[in-house]
Protein chains: 2
Amino acid sequence: MARKAPRHAEAERNDHALLEAAKKVLAVDGAHASVATIAARAGVGIASLYRRYRSKDELFQHLCALSLDQWIRAAERGLQHDDPWEGLAHYIDACIEFSGGALGPLAGTIAVTDEMAAKFTRSEELMRDLVARAHAAGVLRPDATAMDISLLIEQLGKSPLIEQLDRQDRTDLIDAARNARKRTIAIALDGLRPGHPQLSGTAPSPALLAERWEHAPRGSTRLPERS
Amino acid sequence: MARKAPRHAEAERNDHALLEAAKKVLAVDGAHASVATIAARAGVGIASLYRRYRSKDELFQHLCALSLDQWIRAAERGLQHDDPWEGLAHYIDACIEFSGGALGPLAGTIAVTDEMAAKFTRSEELMRDLVARAHAAGVLRPDATAMDISLLIEQLGKSPLIEQLDRQDRTDLIDAARNARKRTIAIALDGLRPGHPQLSGTAPSPALLAERWEHAPRGSTRLPERS
DNA sequence: TCCAAACGGATAAATTCGCTTCGTTTGAGG
DNA sequence: CCTCAAACGAAGCGAATTTATCCGTTTGGA
């Protein structure tokens, strides 16, 4: 069996801290976030980052894959809800909450792995179900498509005000800002209920978003097995 | 009298192109946009930028002041509308359209001049009127405050999808993306109409946003007279 | 008590940025 | 058709970042 893991526990903790830190820093600094900032925020040395990920891009790819997992889980939990509207609303809330607008800036800057593309497809299917169920129950305005809702999530996930306050360490105000955004989200959700005038223009094609995850410029990079 | 302006016309055209380019680049690249990128996008040399503005910050300050003017004009035009709801809706639409999410990332990175602070105060007053009028006419949900609407505008102004497409020069898709965002905006506007359940939480304090423009770290920098 | 595994931070190498300097082009007045 | 000041574009400079590596130190199970 032998000496395999003298500080295995610490390594795993650091791995988690790194991913959490990367998400926060990405949300605040945008796509040009530096590895030094991420490592510092995680409270680890830079070498610990490069011991797990061969490059900055690989870290971001891993982060994307994990976020896609969260989307999938959120959709599954939404479908378990008995009330179709509550299920959809909780899904939207959850997606806005955990993504924190971190993935938007990343789009187009990293190579898309096969794994990521597959997870996106799965997530899209689940969401289509979620929306179809709400439509069938008549609790969602008929002219709102899954794409409309995806875009709404992306729009609301990124909050310039919260990012500014975060950047300036105004910890006294971010609670108020988060509360304020909750109200904005609630307003948008109300706009999704039935009983509103027909939306103008044609519904956006799902390809608009899908293209982001399907476009795989180079042979997919595979992450090394871990754990 | 004498030889005063051999190429005055070209200079003025370039000035305008610079400001327009700065807004676009800021929206796409965020607050770390470089002067080289801005000058290139405007189709002028770097020196032409520094001949008009003593520094990068001064260019951004001027841009902010101009945007605040646009906000004010949009609010005034909204108030001229006979229909209180139409006036408010057009105001929101206009603000989202021309700001393009350029000012959000700028917040907190440049010094706030007295001029900017004054213009923000004026813009805030006009908007309060706009909202009060809509409230009085009963065409706006009573629990939505001016702050709620300001935040909504800021949220919807910045579109990660459009920015990504812009960055990648996918000119074939940005029209579709803009149309898609129009739908998102329409949904949010519907959520502002009366007849929805009470918003949870307390209304955000106006200070949340105002603080951004009132905070004047150093003595205000004045722009050199031009024209 | 070992010693492999994991650690952190200094550091190398390359890039990027804000800004200046400089030689060239332009176009209205004479 | 010259003249020449005003405006131009772009190469270049030093300072500051950024990615990634190297190496001496710490840790904790066998």
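Numbered from 1 within each chain, the chains take letters A, B, ... in sequence-line order. Everything quoted here is computed from the prediction, not taken from an experiment.
With rounding to whole Å, B/K56 atom NZ is found 15 Å from C/dT16 atom P. Rounded to a whole Å, the CD atom of B/E10 is 13 Å from the C1' atom of C/dT24. The separation between A/I46 atom CD1 and D/dT19 atom P is 9 Å, rounded to whole Å. Across the protein-nucleic acid pair, B/R51 atom CZ and C/dC22 atom P stand 14 Å apart, rounded to whole Å. What separates NE2 of A/H8 from P of C/dC3 is a distance of 23 Å, to the nearest Å. Atom P of nucleotide D/dA10 and atom CG of B/N14 are separated by 12 Å, given to the nearest angstrom. Atom pair A/Y53:OH and C/dA6:P shows a separation of 14 Å (rounding to whole Å applied). In this entry the distance linking OH of B/Y50 with C1' of D/dC13 reads 14 Å, nearest Å.
Rounded to the nearest 0.5 angstrom, A/I174 CD1 and A/S159 OG are separated by 11.0 Å.
A salt bridge is defined here as a Lys NZ or Arg NE, NH1 or NH2 lying under 4.0 Å from an Asp or Glu carboxylate O, and A/K119 with A/E115 meets this definition. Between B/R181 and A/E154 there is no salt bridge, since none of the side-chain N atoms of the basic residue sits less than 4.0 Å from a carboxylate O of the acidic one.
Aromatic ring orientation, B/W71 versus B/W213: perpendicular (interplanar angle above 60°, classes split at 30° and 60°).
A/S48 has no side-chain polar atom (N or O) that falls below the 4.0 Å cut-off from OP1 or OP2 of C/dA6.
Contact annotation for B/A47: base contact, defined as any heavy-atom pair under 4.0 Å involving a base atom. Using a 4.0 Å heavy-atom cutoff across all strands shown, A/A42 reaches no nucleic acid atom at all. Using a 4.0 Å heavy-atom criterion, one finds that A/A40 contacts no nucleic acid atom at all.
Nearest-nucleotide assignment on DNA chain D puts the 5′-proximal partner with B/G45, out of A/H32 and B/G45. Residue-to-nucleotide proximity on DNA chain C shows that, of A/V44 and B/D57, the 5′-proximal contact is made by A/V44.
Across A/L130 and A/G78, no two heavy atoms sit closer than the pair CD1-C, 3.7 Å.
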